[in-house]
Amino acid sequence: MIKELDDLDGVGWGALGHAWGAADDVPDLLRRLAGPEPRDRADALSGLRGAVYLHGDVFDGTVAAIPFLLGLASDPRVPDRAGVLRLLAGIGGATRREDQDPDFVAARAAVADAAPLLLRLLDDADPAVRHAVPATLLVQRGDAGVILAALRARLTVEPDPDVRGALAAAVAGLGRLAAAGLVSGVDPAEVGAWFAGWFAAPAPAGADVPGPASADVPGPASADVPGPASADVPGPASADVRCRLAAVAGLVDTAPEALAGDLVPAVAGLLRADLQAVPPEALPAVNVSRPQDLVGVVSPARLIEPQSTAGSRDELVEDLSLAMEERIEDRVALLTGLLSAGAPAARSAALRPALGLIGYWRGDYTDLIALLGAQLADARLAGRAALVLEHLDALAAPAADALAAAVTSAAPESPYGDGPPPWVVTWRAWEPNVGPTVRALAALNDERALPAVRAILDRDVLPSNAAPLAARYAATAPDLLPTVRRRCAESADSATAGHRRALTVVAAALGPAAAEAVPELLAGPVDLMTANALGRIGPDAAAAVPALRAMLDRDGGYLAAAALWQITGEAGPAVESLARELDDPWDATTSAAEAAGRLGPAGAALEAPLRALVDADDDHIHVAAAQALWRVTGDAETPLPALARLWTAKPRRRAEIAAHLATIGPAARPMRDLVAAEPQERFRHSAALNGWSTRQVADDLALLHDCHTILAATN
């Protein structure tokens, strides 16, 4: 039912509610929405969104407002009808509450019952209104055949390319709803075939899409494209780039299996043609607002966020790539086609999907990664390309020369911006961070990163993520340890905290070769990380014994005890401390089991608790306990059944299991079949399914390396 604003006073708004209490302010907001002042109308629409439809929630005040919103949407004198329709689409599709909630049910029904009005608005003179209507029609449930027919019919005559995209998106949306059993009268398979036929339809003379003879886009007569073009495929007036891209988006939603063979390079060529005209100033920006974003603590979506007029195309490229799932070769073809384009916007659109592909799936990415490296030479794309490459670990090797060139030409330090990322990124309110090109090049153990690493370690304030760089090169660049020692000795204030962290990490990596650093390690507070480093230095760290003995009664004292054993050969305190720590399988920690393993045969008294941990129902410590049991007793076979169960049940644990199996050599033979199957799988089991781990590629490469080591040892 549609109501006029004159009827507003006939509703008891004070007895109704919205997100912030009584709905008695809704009449004023609705009246202002029809007013003469643009700013006042915008404020009113924003106020309604925040009151009657907040975070996907609806209220009884929302239900009362819908007839008036429909009245405004149907009145051509109202300037902002498109915004009203978008609000109605949100209200009708609200999902925060359960379907049985009466306000939710009433709101959806009120919008769905307005379908006759909304269908008439498909022919409205205002293209902004026509653009907003299709999403509102997706509120419909039950028989949606009439709506599908109306959307298709409008597509045959709609002149505006953006509106055609919205119409196509709604057709795809109906296909999804039908596949989920939420609407009838729509066949998802037929919708997918319709989209495929639409994409395959030849462009008319003069259309801004490469024709059949173009080398960039193969002709439409591919055997992989199902069926002929339907009679209701948009005609010559609308067979342009955006129209066909809308068909691609529909294919992603309804028939991704059709995206194969010649259709993939055709789509890549079409996207290149569409993105050719995007100006450089409209390219997506690097979304880095804090150092955690730069070093990859968050997901790729946060690192490289579409924030421009090209954003919708970026999202389409990503959706296309995701829709093809484990068809790695087709995904590589799509992205290399875009990355080799002249248009910066086309290359930009491929960056985030490339990270998603390489980060989650195994494959041959040599050419793709080389093209990613080439983007470092483009000041507009260098920052975003670097954020991709820094996550690839050893896989970034095809881009090594490009990374080295970017590091060589980069500023020693600066805020993050256009051009090659600096060696050190500075922030107003945060500690500095090592830039992504230095990190990516260092992950390759490339000596061309050393000038940057040396300069970074000699800074007054060391970036918090610099310690791994120092450890990586400490063995091959012996001048790094003296540099860090000197910096630690120069001052005891907080500015040296980063250097102390780096010294601890380097000493732990070098072991006995870091003996000269013992005075600096003991000059500050001796924490558990420092104790670990001192223990790895061994007998030459004898000066640390008093400090380590003083730590035995603290939390984590078993680590100090293990360090004492490594320095003095005195196993008693370590065994006693670790026995207490490992006594309860539910409270035992992985680090305690690892410390027990460091004792080797000297920890023989720990055999019983280690065996109990191997057999415990709680699997968090199984691998560390198995490793420790083998090092203490030489028994590699007893834990294998538990490790085999864990391998199957928890794929993300396979990297650590394989690392253990690689150390026990031929004793791993009972797990050979499981290990042999792993390299044949395409998904990276180290990947975080609900997020992103900066280590997931590195961990997967280690898993595959260990698998090959195990197979060679168990022949």
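What you see is a predicted model; the values in this text were computed from it and never measured.
For the pair Arg81 and Asp75, the salt-bridge criterion is not met [side-chain N within less than 4.0 Å of a carboxylate O]. Ionic pairing of Arg130 and Asp126 is not present here: no N-O contact between side-chain nitrogen and carboxylate oxygen is shorter than 4.0 angstrom. Ion pair Arg31/Asp9 flagged as a salt bridge, since at least one NZ, NE, NH1 or NH2 atom sits closer than 4.0 Å to an Asp/Glu carboxylate oxygen.
Cation-pi check for Arg684 over Trp361 is not met; the charged atom does not lie both under 6.0 angstrom from the ring centroid and within 45 degrees of its normal.
Not counting sequence neighbours, the partners of Glu329 by the side chain to side chain donor-acceptor pair (under 3.5 Å) test are Arg682. For Arg695, the side chain to side chain donor-acceptor pair (under 3.5 Å) partners are Asp699, not counting sequence neighbours. Every residue two or more places apart in sequence or in another chain was checked for a side chain to side chain donor-acceptor pair (under 3.5 Å) with Glu326, and none qualifies.
Although no hydrogens or angles enter the test, the distance criterion places a donor-acceptor pair under 3.5 Å between the side chain of Arg362 and the main chain of Glu681. In this structure, the side chain of Arg347 does not engage the main chain of Leu338 through any donor-acceptor pair within 3.5 Å. No donor-acceptor pair under 3.5 Å is formed between the side chain of Arg164 and the backbone N or O of Leu155. The backbone N or O of Phe59 lies less than 3.5 Å from a partner atom in the side chain of Thr62, making a donor-acceptor pair. A donor-acceptor contact shorter than 3.5 Å is absent between the side chain of Glu4 and the backbone of Asp6. Although no hydrogens or angles enter the test, the distance criterion places no donor-acceptor pair under 3.5 Å between the side chain of Thr648 and the main chain of Arg645. The backbone N or O of Val171 lies less than 3.5 Å from no partner atom in the side chain of Trp194, so there is not a single donor-acceptor pair.
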Quiz item: Is there a side chain to side chain contact (heavy atoms under 4.5 Å, CB included) between Gln696 and Tyr360 once you walk through the steps?
Solution: CA-CA 8 Å; Gln696 65 190 49; Tyr360 286 89; 3.6 Å; yes
